[in-house]
Amino acid sequence: MFQLVATDPRFYVIAKAPGVGFHREDDAPGVLDILRDGLQDAALWPVHRLDKVTSGLLVVARSQAVAAALGAAFAGREVQKYYLALSDARPNRKQGLIKGDMEKGRGGAWRLCQSQANPAVTQFFSHSLAPGRRLFVLRPRSGKTHQLRVAMKSLGAPILGDALYGGSAADRTYLHAYALSFALDGESFCFSSPPAHGECWPQAQLADYLAANPPAALPWPVL
């Protein structure tokens, strides 16, 4: 259900498996329920969230004060976040910026609009890892519901396995929260965790690419 990435007196960093919801659903426990049981620590507070289909890094605070401080950092866009996604489709652009307002569509999906009143903003690079497998390194600069999934659809390259947004069938939705960095009490932290779930990740090629191209070191344009 999760892998413990880092332990600090103020927080935990875990790597969540895909298919685990943040909130309890009927008899299925949510992330915090699982963590409280697995870590034997009842004093846990949420800081940010991942979609149920998304795997990867989550920060969980060990006090309400730390949750407030880290929550403010996420809300203030002071936390650097990098995601990995796979698609089997060719995008209409190989790198760039996706920006636009989002509105609810049908069946729980969202859609990207041309208006810019309160836009979702995503930067991305892509790279062909293997035949039929293109990697996207995604940097969300805002925090909208389904933002990255909608951004990928707008490129004509929906995420592999993301049926809600037109992705090809697969054993999971191939979206992974790979790396994040933040500051707390004057101390800087950086964490990364490669994807461990899914038969479609070209693991050797992915490891080689990430070793040569750490997401934080990519030439991201200044917004």
Side-chain angles (χ1 to χ4, degrees), residues 1-86 135-140 143-149 159 161-162 171-185 187-201 203 206-207 210-211 214-216:
M1 293 288 191
F2 74 92
Q3 176 187 359
L4 183 62
V5 174
T7 301
D8 184 274
R10 295 158 292 180
F11 60 82
Y12 294 108
V13 179
I14 66 134
K16 181 184 86 68
V20 180
F22 199 86
H23 300 287
R24 175 178 288 275
E25 299 178 6
D26 298 325
D27 293 332
V31 168
L32 289 184
D33 300 315
I34 295 167
L35 292 180
R36 287 175 178 134
D37 182 57
L39 298 172
Q40 295 296 296
D41 189 343
L44 299 178
W45 281 261
V47 173
H48 62 124
R49 290 166 170 75
L50 293 177
D51 282 354
K52 182 176 182 178
V53 301
T54 307
S55 59
L57 293 176
L58 266 176
V59 183
V60 181
R62 302 179 71 177
S63 74
Q64 194 168 11
V66 171
L70 289 176
F74 273 91
R77 303 179 186 178
E78 298 168 5
V79 179
Q80 306 304 314
K81 299 175 290 182
Y82 303 95
Y83 289 71
L84 307 177
L86 279 186
L135 173 71
F136 290 78
V137 181
L138 303 163
R139 186 182 185 185
K144 308 292 186 182
T145 301
H146 291 192
Q147 173 177 328
L148 300 181
R149 299 165 68 184
I159 297 171
D162 191 359
D171 61 318
R172 61 159 295 188
T173 296
Y174 279 79
L175 179 61
H176 178 78
Y178 171 68
L180 57 81
S181 60
F182 57 87
L184 181 65
D185 300 332
E187 188 175 358
S188 296
F189 297 92
C190 296
F191 301 101
S192 63
S193 180
H197 301 87
E199 61 188 23
C200 294
W201 293 109
Q203 290 289 359
L206 176 61
L210 292 174

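Everything numeric here is computed off the predicted structure, so don't read it as measured data.
Of all the heavy atoms in Y174 and I159, the pair that sits closest is O-CG2, 3.3 Å. Taking every heavy atom of both residues into account, P195 and L84 meet most closely at CD-CD1, 4.1 Å. Nearest heavy atom pair, residue A85 against residue L138, reads CB-CD1, 3.9 Å. Listed here is the closest heavy atom pair of A15 and V5: N-CG2, 3.8 Å. Scanning both residues, L57 and S193, for their nearest heavy atoms gives CD2-CB, 3.6 Å. When all heavy atoms are compared, the tightest approach of G56 to L50 is O-CD1, 3.7 Å.
E187 pairs by the salt bridge (charged side-chain N to carboxylate O under 4.0 Å, His left out) definition with R10, not counting sequence neighbours. Shown here are the side-chain contact (heavy atoms from CB on, under 4.5 Å) partners of E78, two or more places apart in sequence or in another chain: A73. Residues satisfying the ring pair (Phe, Tyr, Trp, His ring centres under 6.0 Å) test with F22, not counting sequence neighbours, are none. The salt bridge (charged side-chain N to carboxylate O under 4.0 Å, His left out) check on D33 picks up R24, with sequence neighbours excluded. For V20, the side-chain contact (heavy atoms from CB on, under 4.5 Å) criterion is met by M1, K16, A17, V31, I34, not counting sequence neighbours. Scanning for side-chain contact (heavy atoms from CB on, under 4.5 Å) contacts around S55 gives P18, R172, H176, with sequence neighbours left out. Here K52 pairs with E25 under the side-chain contact (heavy atoms from CB on, under 4.5 Å) rule; sequence neighbours left out.
Judged by distance alone, with hydrogens and angles left aside, the side-chain atoms of S188 form no donor-acceptor pair with the main-chain N or O of A183 at under 3.5 Å. Side chain of D171 to backbone of E199: a donor-acceptor contact under 3.5 angstrom is found. Checked by atom type and distance alone, the side chain of Y83 never pairs as donor or acceptor with a backbone atom of L148 at under 3.5 Å.
For the atom pair CH2 (W201) and CG (L135), the distance works out to 7.0 Å, reported to the nearest 0.5 Å. The CZ atom of F136 sits 9.0 Å away from atom CG of L86, with the distance rounded to the nearest 0.5 Å. Here the CG atom belonging to L35 is positioned 8.0 Å from the CG atom belonging to L58, to the nearest 0.5 angstrom. Distance CZ/F189 to OG/S181: 11.5 Å, rounded to 0.5 Å. Taking CG from D185 and CG from D8, the interatomic distance works out to 9.0 Å, rounded to the nearest 0.5 Å.
Taking the side chain as every heavy atom from C-beta outward, V53 and D162 never approach each other to under 4.5 Å. In this structure, F182 and L70 have side chains that are in contact, with non-hydrogen atoms separated by less than 4.5 Å.
For residues 38-76, the set of pairs meeting the ring pair (Phe, Tyr, Trp, His ring centres under 6.0 Å) definition, not counting sequence neighbours, comprises H48-F74. Residue pairs meeting the side-chain hydrogen bond (donor to acceptor under 3.5 Å, both in side chains) criterion with at least one partner in residues 57-77, sequence neighbours excluded, are Y12-R62, D41-R62.
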Open item on the list: For I14 and L4: C-alpha separation, side-chain torsions, deciding distance, then whether side-chain contact (heavy atoms from CB on, under 4.5 Å) applies.
Closed with: CA-CA 5 Å; I14 66 134; L4 183 62; 4.1 Å; yes

